[in-house]
Trainee: 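First, the structure itself, so that you have it in front of you.
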There are 2 protein chains.
Amino acid sequence: MSTKKYHQDCSPCPLAGALDVIGDHWTLLIIRDLMLMNRHEYKDMLEAWEGISTNILSNRLAKLTDSNLIASIAHPESKRRKLYYLTEEGKSLFPVIAEMTIWGFKRKENDFIPPHLKELLTGSRTKVEKAILKSLKDWEEKHLAVS
Amino acid sequence: MSTKKYHQDCSPCPLAGALDVIGDHWTLLIIRDLMLMNRHEYKDMLEAWEGISTNILSNRLAKLTDSNLIASIAHPESKRRKLYYLTEEGKSLFPVIAEMTIWGFKRKENDFIPPHLKELLTGSRTKVEKAILKSLKDWEEKHLAVS
DNA sequence: CCATCTACTTGCAAAACACAAGTAACTTGT
DNA sequence: ACAAGTTACTTGTGTTTTGCAAGTAGATGG
């Protein structure tokens, strides 16, 4: 048995540490689903375009939960379902998602860009970020029981 | 024989397309070396903290060259050495690197941050970006023969 | 000529991944 | 009440990617 090697065990560079958490092919797509695509359930994420496999999705959701980037509650309509959502730390990935999306878009202009992000290409980031954080807060108020 | 599955083959999302190119554990660290750490040779990159293995480095340099994010010339002092540098498209990754570095730094305040990026935490990004692009231009003027 | 240095390539074991097929805990329809 | 889903997973199997060690080819240096 050998343990996986993490950059942060040998590197003091914050970029390397970030890559340990979000530096794979799937993690940021899950964050995107939660942040921009309004997908909050396992089955919703399975149905995203990229076609993540079910074991990988399960694994990434667990890792993201361990890293405190996401959390979950039981679905109010059914105990077998779960609702996933971003923690504050997860939401703080917005600038990363935004810049990578812009970069990808400039590189190969696709026919799609997540609804909230369209404005990024022309307008101000803080404005877009504020709108997105607002929409996430609205979702939380609706779905997370406030004590 | 099956071909590797790329997100962009099935997804119109620019983030997914970007992840096909820079969504692994090593690629952005190589870009960082070229952009911020003044490492322009194979051996320099091997010696970075994270300890990339030689076959992976070779593979990533080839992929990055194919994707037109980096290019190389022969070292003026020795034919057996090469100098790698960022293309304009590679340099355009600055905002991505910057945001991921900031995110990583906030998450776990390390004792190190690449010299040029320190100012990011307090000051303006455009100013820092300008300074970095200037330093890359200086390097190019010194090492790339201008016709 | 012989040692060394640089940028790789090769071989192999270990880990991660994709895909298909379960499974357990519910819920839905009758 | 009970069979037929649904949902969120887990398990199994084969393929791909990675990590590590070793080797190679083409300079270069003494």
Side-chain angles (χ1 to χ4, degrees), chain A residues 1-11 16 19-30 33-34 39-66 70-85, chain B residues 1-11 16 19-30 33-34 39-66 70-85:
Chain A
M1 180 200 112
S2 75
T3 49
K4 191 208 148 158
K5 190 186 148 198
Y6 289 101
H7 292 319
Q8 65 172 18
D9 295 338
C10 55
S11 173
L19 287 167
D20 284 333
V21 186
I22 55 169
D24 76 286
H25 293 299
W26 292 110
T27 300
L28 284 176
L29 293 175
I30 294 173
D33 282 351
L34 290 168
R39 287 196 260 256
H40 291 270
E41 294 187 51
Y42 195 88
K43 68 173 161 46
D44 298 335
M45 298 178 196
L46 280 181
E47 284 162 10
W49 301 294
E50 293 84 11
I52 190 170
S53 12
T54 167
N55 55 345
I56 302 291
L57 177 56
S58 175
N59 175 276
R60 293 305 187 277
L61 288 172
K63 280 187 180 171
L64 283 168
T65 304
D66 285 348
I70 69 172
S72 64
I73 50 163
H75 194 292
E77 287 176 15
S78 157
K79 280 183 193 168
R80 75 198 165 190
R81 289 157 77 184
K82 275 189 190 177
L83 286 175
Y84 294 94
Y85 59 96
Chain B
M1 181 199 114
S2 74
T3 51
K4 191 205 150 163
K5 190 187 148 197
Y6 288 102
H7 293 318
Q8 63 172 20
D9 295 337
C10 54
S11 172
L19 286 167
D20 284 333
V21 186
I22 55 170
D24 76 287
H25 293 298
W26 294 110
T27 300
L28 284 176
L29 293 175
I30 294 173
D33 282 351
L34 291 167
R39 286 196 260 258
H40 291 270
E41 294 188 50
Y42 195 88
K43 70 173 158 49
D44 298 335
M45 298 179 197
L46 281 180
E47 283 161 10
W49 301 294
E50 294 83 12
I52 190 170
S53 14
T54 167
N55 55 344
I56 303 290
L57 177 56
S58 174
N59 175 275
R60 293 304 187 279
L61 288 171
K63 280 188 182 171
L64 283 167
T65 304
D66 284 349
I70 69 172
S72 64
I73 49 163
H75 194 293
E77 289 176 16
S78 158
K79 278 183 193 168
R80 74 196 168 196
R81 288 158 76 187
K82 275 188 190 177
L83 286 175
Y84 293 94
Y85 59 95

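Every heavy atom of this structure was used, including side-chain atoms; hydrogens, water molecules and symmetry mates were not. Remember, it's a predicted structure, so these values are computed and weren't measured experimentally. By convention in this document, chain letters (A, B, ...) are assigned in the order of the sequence lines, proteins followed by strands, and residues within each chain are numbered from 1.
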Trainee: Would you give the length of the straight line joining atom CZ of B:Arg60 to atom OG1 of B:Thr27, rounded to the nearest 0.5 angstrom?
Mentor: 5.0 Å
Trainee: Is the NZ atom of B:Lys79 crowded by more than 12 outside heavy atoms at less than 6.0 Å?
Mentor: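 No, because the 6.0 Å sphere around NZ of B:Lys79 holds 12 heavy atoms or fewer from other groups.
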Trainee: Mind calculating the distance between CD (B:Glu47) and P (C:dA7) to the nearest angstrom?
Mentor: 10 Å
Trainee: Is the phosphate of C:dC17 approached by A:Arg60 (side-chain N or O, under 4.0 Å from OP1 or OP2)?
Mentor: yes
Trainee: Any idea which heavy atoms bring A:Leu83 and A:Glu41 closest together, and the distance?
Mentor: CD2-CG, 3.9 Å
Trainee: Hey, which sits more toward the 5' end of DNA chain D by its nearest nucleotide, A:Asn55 or A:Lys82?
Mentor: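 Nearest-nucleotide comparison on DNA chain D picks A:Lys82.
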Trainee: Report the distance from atom CH2 of B:Trp26 to atom NE2 of A:His7, rounding to the nearest 0.5 Å.
Mentor: 4.5 Å
Trainee: For A:His25 and A:Thr54, find the nucleotide of DNA chain C closest to each by heavy atoms; which residue's nucleotide sits nearer the 5' end?
Mentor: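 Counting from the 5' end, the first nearest nucleotide belongs to A:His25.
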Trainee: Tabulate protein N/O versus nucleotide N/O from nucleotides 25-30 of chain D, keeping only pairs under 3.5 Å, one per line.
Mentor:
from   : atom 1 : to      : atom 2 : distance (Å)
D:dA27 : N3     : B:Arg80 : NH1    : 3.1
D:dT28 : OP1    : B:Lys79 : N      : 2.9
D:dT28 : O4'    : B:Arg80 : NH1    : 3.2

Trainee: Could you check how far CG of A:Leu19 sits from P of D:dT18, rounded to whole Å?
Mentor: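 In whole Å, D:dT18 P lies 14 Å from A:Leu19 CG.
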Trainee: Just to confirm, is there a sub-4.0 Å distance from OP1 or OP2 of C:dA18 to any side-chain nitrogen or oxygen of A:Ser53?
Mentor: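 Answer yes for this pair, as a side-chain N or O of A:Ser53 is under 4.0 Å from OP1 or OP2.
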Trainee: Could you check which of D:dT7, C:dT9, D:dC9 has an atom nearest any side-chain atom of A:Arg81?
Mentor: D:dT7
Trainee: Can you measure B:Tyr6 atom OH to C:dC17 atom P for me and round it to whole angstrom units?
Mentor: 15 Å
Trainee: Should B:Leu34 and B:Met45 be marked as a side-chain contact (heavy atoms from CB on, under 4.5 Å) after you check the CA-CA gap, both sets of side-chain angles, and the distance that decides it?
Mentor: CA-CA 9 Å; B:Leu34 291 167; B:Met45 298 179 197; 3.6 Å; yes
Trainee: Quickly work out the B:Asn59 CG to D:dG19 P distance and round it to whole Å.
Mentor: 11 Å
Trainee: Show the numbers, then the answer: is there a side chain to side chain donor-acceptor pair (under 3.5 Å) between A:Thr54 and A:Tyr42?
Mentor: CA-CA 9 Å; A:Thr54 167; A:Tyr42 195 88; 2.8 Å; yes
Trainee: Would you say B:Trp26 places a side-chain N or O within less than 4.0 Å of OP1 or OP2 belonging to D:dG19?
Mentor: yes
Trainee: Given atom OH of A:Tyr84 and atom C1' of D:dT7, what is their separation to the nearest angstrom?
Mentor: 10 Å
Trainee: Round to the nearest Å and state the distance from B:Lys5 atom NZ to D:dT17 atom C1'.
Mentor: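 The answer, rounded to whole Å, is 16 Å.
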Trainee: What's the CD1-P distance between A:Ile52 and C:dA20, to the nearest Å?
Mentor: 16 Å
Trainee: Could you tell me whether B:Asp33 and B:Arg39 have a side-chain N and a carboxylate O separated by less than 4.0 Å?
Mentor: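 Yes, this pair counts.
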Trainee: Between atom NE2 in B:His40 and atom P in C:dT6, what is the gap in whole Å?
Mentor: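 The answer, rounded to whole Å, is 17 Å.
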